[in-house]
Amino acid sequence: MGFSPVLSLSQFLSSILFLFHFHTTISSSNYSSSSHFCAPDQSLSLLQFKESFSITSSASERCQHPKTESWREGTDCCSWDGVTCDMKTGQVTALDLACSMLYGTLHSNSTLFSLHHLQKLDLSDNDFNFSNISSRFGQFSNLTHLNLNFSGFAGQVPSESSHLSKLVTLDLSRNHYLSLEPISFDKLVRNLTQLRELDLSSVDMSLVVPNSLMNLSSSLSSLILNSCRLQGEFPFSMRKFKHLQQLDLRYNNFSDLGPWGCGLKGKFPGNIFLLPNLQVLDLTDNDDLTGSFPSFNASNIIRSLSLSHTAISVYLENDFFTNLKLLEVLALRQCNIIRSNLTLIGHLTELTSLNLIGNNLSGQIPSSFKNLVQLQSLYLGNNNFSGRIPEFLGNLTLLENLGLSNNQLSGPIPSQISTLSLRSFDLSKNNLHGPIPSSIFKQENLDVLSLASNNKLTGEISSSICKLKVLRLLDLSNNSLSGFIPQCLGNFSNSLSVLNLGKNNFQGTIFSPFSKGNNLGYLNLNGNELEGKIPSSIINCMMLQVLDLGDNKIEDTFPYFLETLPELYILALKSNKLHGFVNGPTTKNSFSKLRVFDISNNNLSGPLPIGYFNSFEAMMAYDQNPFYMMAYSIKVTWKGVEIEFEKIQSTLRILDLSNNSFTGEIPKEIGKLKAVRQLNLSHNSLTGHIQSSLGMFTNLESLDLSSNLLTGRIPVQLADLTFLAVLDLSHNRLEGPVPGGKQFNTFNASSFEGNLDLCGFPMPKECNNDEAPPLQPSNFHDGDDSKFFGEGFGWKAVAIGYGSGFVFGVTMGYVVFRTRKPAWFLKVVEDQWNLKARRTKKNARRNGARRN
Ligand SMILES: *[C@@H]1O[C@H](CO)[C@@H](O)[C@H](O)[C@H]1NC(C)=O
Ligand SMILES: *[C@@H]1O[C@H](CO)[C@@H](O)[C@H](O)[C@H]1NC(C)=O
Ligand SMILES: *[C@@H]1O[C@H](CO)[C@@H](O)[C@H](O)[C@H]1NC(C)=O
Ligand SMILES: *[C@@H]1O[C@H](CO)[C@@H](O)[C@H](O)[C@H]1NC(C)=O
Ligand SMILES: *[C@@H]1O[C@H](CO)[C@@H](O)[C@H](O)[C@H]1NC(C)=O
Ligand SMILES: *[C@@H]1O[C@H](CO)[C@@H](O)[C@H](O)[C@H]1NC(C)=O
Ligand SMILES: *[C@@H]1O[C@H](CO)[C@@H](O)[C@H](O)[C@H]1NC(C)=O
Ligand SMILES: *[C@@H]1O[C@H](CO)[C@@H](O)[C@H](O)[C@H]1NC(C)=O
Ligand SMILES: *[C@@H]1O[C@H](CO)[C@@H](O)[C@H](O)[C@H]1NC(C)=O
Ligand SMILES: *[C@@H]1O[C@H](CO)[C@@H](O)[C@H](O)[C@H]1NC(C)=O
Ligand SMILES: *[C@@H]1O[C@H](CO)[C@@H](O)[C@H](O)[C@H]1NC(C)=O
Ligand SMILES: *[C@@H]1O[C@H](CO)[C@@H](O)[C@H](O)[C@H]1NC(C)=O
């Protein structure tokens with residue numbers, strides 16, 4: 001995994017540009033406040049404004065300064081935090097409430113709009129709870145700076161924005177539910193002739209014609225429109241943007257709520273490099289942009305170039321490297337640069353970030369990279385680099401982010417890296433072996449550490465791991481690590497969010513206790529040799545969304561205490577030695593958010609847990625509101641084949657109680673769990689009839705009731721389950737006709753074998769006339785998994801190659817996030833996902849349209 005350097009750099013640059021302007025002006029003028037008192041009406045307006053919001057920490061993410069808390073009646077409002085007044089008149093001229101943790105609706109009757117003299121207004125990084133941007137913003141006729149970045153505004157950008165003809169900077173970015181109509185946009189670009197910096201990232205501009213931007217060509221120095229759904233031909237004549245220094249038209253799939261991108265098409269505007277002032281160019285993820293990369297003019301001053309994942313074929317001529325000596329950021333993810341001479345990259349000695357992910361590059365990592373002494377981020381993942389991890393990396397002393405995942409690197413992890421000060425370190429999916437050098441744990445700034453998969457790392461985890469106090473993601477899964485897991489991992493640090501130690505040979509009991517207030521969202525210990533009981537202190541993991549303890553040797557009764565975990569989505573306890581009855585719930589709202597409940601392969605007995613069937617609310621219907629659910633790594637079983645893939649999906653629902661000793665009948669209550677997609681009750685001792693209410697499970701894709709003692713007929717309602725791809729009713733005592741037609745035509749005899757009294761196609765036994773069911777033509781569209789994926793966030797898994805009709809037997813791994821802004825994690829997984837998941841444009845659009 002790796003952070004996309006482009007992402008951070010261009011944003012970083014823009015924020016610097018912006019903040020610089022903004023803050024210098026504000027702070028240089030506040031000395032005036034002591035001598036001039038605030039006009040009383042202004043004071044009152046501010047106080048009323050303050051009163052209309054609450055202060056909540058979740059409202060601001062980037063930073064938190066609850067500025068309004070210092071505002072007191074009876075004091076000079078010009079001295080209040082975030083407030084700047086005009087020296088002479090005492091009128092408020094600037095209001096900077098960035099990161100002020102404000103939460104609530106900003107109505108159009110807000111007293112904010114009484115501050116007529118505002119010139120600068122910054123409300124960024126608050127949570128205005130889907131407020132519309134009031135048309136009254138258009139009344140701030142003297143406004144020069146407006147920043148509503150990342151503040152939860154929604155709806156249409158009012159056309160009155162075009163009245164703000166003095167605006168120099170306008171930032172409405174990252175309000176994921178905002179849209180901008182062509183008519184408003186046209187007015188805006190025609191009237192805002194002073195505009196130098198424009199950032200509308202994530203605003204839905206799908207109807208806007210890119211060419212209208214030409215109206216801004218003479219003024220703009222920075223244009224940032226990433227994830228804006230802008231579509232159409234790219235080359236508006238770029239050469240006219242004489243002052244442009246920064247152009248970011250990147251499409252960012254991870255715009256918090258879903259993928260919608262720029263979708264620019266046409267030929268790559270080679271002449272863009274003739275812009276005399278262009279320093280930053282980011283066209284990442286405009287995958288319809290074609291053409292080839294121009295040769296460069298030595299006079300170019302470009303510092304940051306990102307063409308990742310465009311269809312531009314990038315062949316870097318040798319003089320690229322000699323002409324672009326100033327380059328600090330080079331991002332060419334999936335750019336097919338294979339013919340370029342990589343050795344020459346060693347000439348770009350100013351590089352701070354290099355991203356060559358996914359280019360099919362092979363051979364050793366070029367030794368000329370040792371000259372890149374300014375490197376802070378190096379991403380070479382998803383290539384075929386082989387050989388050892390070069391020791392010279394230890395000499396790149398500024399290196400903070402190192403992503404080498406998914407290559408063929410072999411040998412041990414060099415201990416030289418201990419001299420670095422890494423923040424993210426990803427060596428997953430290579431052929432590394434040997435122990436984890438304890439020097440890794442000296443990297444006290446480590447935020448993300450992944451050594452997972454394909455590697456064969458051995459030995460124990462040194463307890464010095466306990467020193468990594470800021471670690472957020474630790475993934476050592478799929479190795480051959482052994483010994484005890486350091487106990488400190490339970491109360492390790494409140495930053496740890498993702499912990500995956502699955503598929504190793506760890507022994508002993510599960511570490512504990514888990515401390516109160518921890519932040520763990522994902523805990524996967526699947527596939528180890530862990531024994532003993534499930535520690536009850538897990539209930540301190542109030543954020544836990546995924547808990548997978550499957551495939552261990554846990555000997556315990558059913559852990560009812562897990563019911564109290566308020567955010568639990570996925571509970572997998574399969575293949576352990578759980579025993580006894582399961583007759584919860586013991587509390588209210590128990591497991592109400594659970595989407596996957598897998599307790600298969602244990603020794604559980606007694607009746608099926610009817611009580612839980614009544615409380616699994618999330619399995620009864622899909623949520624109205626989409627939530628963030630990210631598969632950090634999912635393995636599914638499909639007819640015995642394990643498939644690993646990574647994607648976002650919000651509709652996964654699995655109930656698996658198979659291979660236990662449950663007895664009694666299948667209760668009617670099961671019919672409530674209509675949203676379930678895979679139901680497996682096989683290999684138990686269930687008796688009675690198959691509930692016809694299973695016919696209500698309209699999303700069911702797999703139904704396995706095999707190897708029980710079920711009697712009676714197969715309910716004809718099952719034939720209506722259009723998505724059913726796998727059916728196994730074998731080895732029961734069922735009788736009568738196999739329902740014909742529709743879905744049932746797709747199943748062969750193995751689905752029904754071992755039921756001696758079943759008759760009719762596909763069974764060998766003929767039915768008597770009175771038994772024969774009517775035959776209906778099949779309308780099953782084999783191979784269509786679009787329903788399954790379509791309801792996620794528009795992601796399609798690459799696992800498609802494995803065939804149709806997915807059936808899920810989850811063995812490991814999900815990360816689910818429900819926060820409004822799971823930004824850090826998105827960055828972490830972004831690059832890995834890019835290769836794995838393909839967006840379907842149609843879905844992107846539909847999801848976009850569905851956003852309100
Ligand atoms: C806008 O918000 C993003 C995310 O919080 C931040 O990275 C960026 O710096 C902000 N831009 C400005 C101009 O404040
Ligand atoms: C502005 O006001 C703040 C808080 O009152 C104070 O800390 C700061 O020094 C002032 N800045 C200037 C330039 O006077
Ligand atoms: C935020 O919006 C939701 C849904 O529109 C509403 O139920 C809630 O009351 C709002 N909260 C505030 C503080 O306005
Ligand atoms: C402002 O408008 C909202 C919604 O229309 C209303 O609930 C609120 O009471 C109004 N506030 C004032 C101060 O009039
Ligand atoms: C806007 O600025 C102009 C020129 O500086 C000034 O004359 C006018 O009073 C200002 N208007 C407001 C509402 O502050
Ligand atoms: C936003 O504006 C739309 C359209 O004018 C309206 O339907 C909606 O109720 C408004 N929302 C709020 C929170 O005021
Ligand atoms: C353009 O700006 C002026 C103020 O400078 C304003 O009076 C006029 O209404 C604006 N025009 C549009 C179309 O918004
Ligand atoms: C804006 O573009 C329109 C149409 O392209 C043109 O007629 C108009 O003159 C332009 N206005 C400015 C200020 O560039
Ligand atoms: C290179 O840049 C110089 C100076 O800007 C310019 O005169 C020349 O035409 C450019 N050459 C090419 C091939 O674009
Ligand atoms: C790549 O560049 C290096 C350094 O100039 C040179 O030695 C090498 O021969 C080049 N390789 C190829 C394949 O051209
Ligand atoms: C790292 O730097 C040291 C000191 O400059 C040098 O002696 C050593 O050879 C370098 N190591 C590698 C692998 O380049
Ligand atoms: C965006 O989505 C496309 C299609 O799924 C994918 O190929 C690309 O890598 C993604 N880019 C990012 C930045 O996530």
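In terms of modelled atom types and a separation under 3.5 Å, the side chain of N479 and the main chain of L457 share a donor-acceptor contact. Side-chain N or O atoms of S60 include one that pairs as donor or acceptor with a backbone N or O of D125 at under 3.5 Å. Listed for the N395 side chain is no donor-acceptor partner under 3.5 Å among the backbone atoms of L393. Q443 contributes a side-chain N or O that, together with a main-chain N or O of L422, makes up a donor-acceptor pair within less than 3.5 Å. E350 places no side-chain N or O within donor-acceptor distance of the main-chain N or O of Q374, the cut-off being under 3.5 Å. Distance alone, capped at 3.5 Å, places no donor-acceptor pair between the D598 side chain and the A572 backbone. Remark: the backbone N or O of E328 is paired with a side-chain donor or acceptor of T352 at under 3.5 angstrom. In this structure, N528 contributes its side chain and L530 its backbone to no donor-acceptor pair below 3.5 Å. Between the side chain of N455 and the backbone N or O of L427 there is at least one donor-acceptor pair closer than 3.5 Å. Checking side-chain atoms of D475 against main-chain N and O of L499 turns up no donor-acceptor pair under 3.5 Å.
Between P513 and S537, the shortest heavy-atom distance links the atoms CA-OG, 3.3 Å. Across all non-hydrogen atoms, the minimal contact from L356 to L342 is CD1-CD2, 4.3 Å. Considering every non-hydrogen atom in both L481 and T458, the closest pair reads CD2-O, 3.6 Å. Listed here is the closest heavy atom pair of N383 and L361: OD1-N, 3.0 Å. Shown here for R174 and N149, the closest heavy-atom pair between the two residues is CB-OD1, 3.9 Å. In this structure, P486 and I461 approach most closely via the heavy-atom pair CG-O, 3.7 Å.
A 4.5 Å side-chain heavy-atom check between L446 and I440 finds at least one atom pair inside the cut-off. With a 4.5 Å cut-off on side-chain heavy atoms, S362 and F385 do not count as touching. Looking at L432 and L409, their side chains come closer than 4.5 Å, going by heavy atoms from C-beta outward. Residues I510 and L549 form a side-chain contact, since some pair of their non-hydrogen atoms from C-beta on lies under 4.5 Å apart. Within the 4.5 Å cutoff, the side chain of N478 has no heavy atoms near those of the N454 side chain. For the pair V373 and L398, the minimum side-chain heavy-atom distance is 4.5 Å or more. In this structure, V498 and L474 have side chains that are not in contact, with every pair of non-hydrogen atoms separated by 4.5 Å or more. When side chains are defined from C-beta on, E529 counts as touching Q507, because their heavy atoms get closer than 4.5 Å.
Using a 3.5 Å distance cut-off with no hydrogens or angles, the side chains of S377 and N401 do pair a donor with an acceptor. Side-chain contact, S58 with T56: no donor N or O sits under 3.5 Å from an acceptor N or O. Donor-acceptor pairing under 3.5 Å is recorded for the side chains of N382 and N406. For D447 and S424, the side-chain atoms include no donor-acceptor pair closer than 3.5 Å. Under the 3.5 Å distance criterion, with hydrogens and angles disregarded, a donor-acceptor pair is assigned to the side chains of N384 and N360. Residues S151 and N126 bring no donor and acceptor atom of their side chains to less than 3.5 Å of each other.
Taking the ring axis of Y569 as reference, the NZ or CZ atom of R595 does not stay both within 45° of it and closer than 6.0 Å to the ring centre.
The structure places OG of S353 at 6.0 Å from OH of Y379, a figure rounded to the nearest 0.5 Å. Atoms CD and CD1, on E391 and I417 in that order, are 11.5 Å from each other to the nearest 0.5 Å. Atoms OG and CG, on S386 and N431 in that order, are 9.5 Å from each other to the nearest 0.5 Å. We find the CD-CD1 distance between Q416 and I389 to be 10.5 Å, quoted to the nearest 0.5 Å. Of the inter-residue distances, the one linking R333 atom CZ with N359 atom CG reads 10.0 Å to the nearest 0.5 angstrom. Between atom CG of residue N526 and atom CG of residue L547 there is a gap of 10.5 Å, rounded to the nearest 0.5 Å.
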Criterion side chain to side chain donor-acceptor pair (under 3.5 Å) on S497 and N519, from CA distance to verdict = CA-CA 5 Å; S497 233; N519 220 351; 5.0 Å; no
Pair L525-N504, side chain to side chain contact (heavy atoms under 4.5 Å, CB included): steps then yes or no = CA-CA 9 Å; L525 302 175; N504 278 291; over 6 Å; no
Just do the side chain to side chain donor-acceptor pair (under 3.5 Å) check on N371 and T349 with the steps written out, would you?
-> CA-CA 6 Å; N371 301 329; T349 52; over 6 Å; no
Using the side chain to side chain contact (heavy atoms under 4.5 Å, CB included) rule, take I570 and D548 through it: C-alpha gap first, then chi angles, then the decisive distance, then the call.
-> CA-CA 8 Å; I570 289 164; D548 189 347; 6.0 Å; no
Start with the C-alpha distance between L520 and F514, add both sets of side-chain angles, then the distance that settles side chain to side chain contact (heavy atoms under 4.5 Å, CB included), and finish with yes or no.
-> CA-CA 9 Å; L520 209 56; F514 290 85; 4.1 Å; yes
List the steps, then state whether side chain to side chain contact (heavy atoms under 4.5 Å, CB included) holds for L399 with Q376.
-> CA-CA 4 Å; L399 206 57; Q376 293 166 19; 5.8 Å; no
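Between E444 and K469 there is no salt bridge, since no side-chain N of the basic residue sits under 4.0 Å from a carboxylate O of the acidic one.
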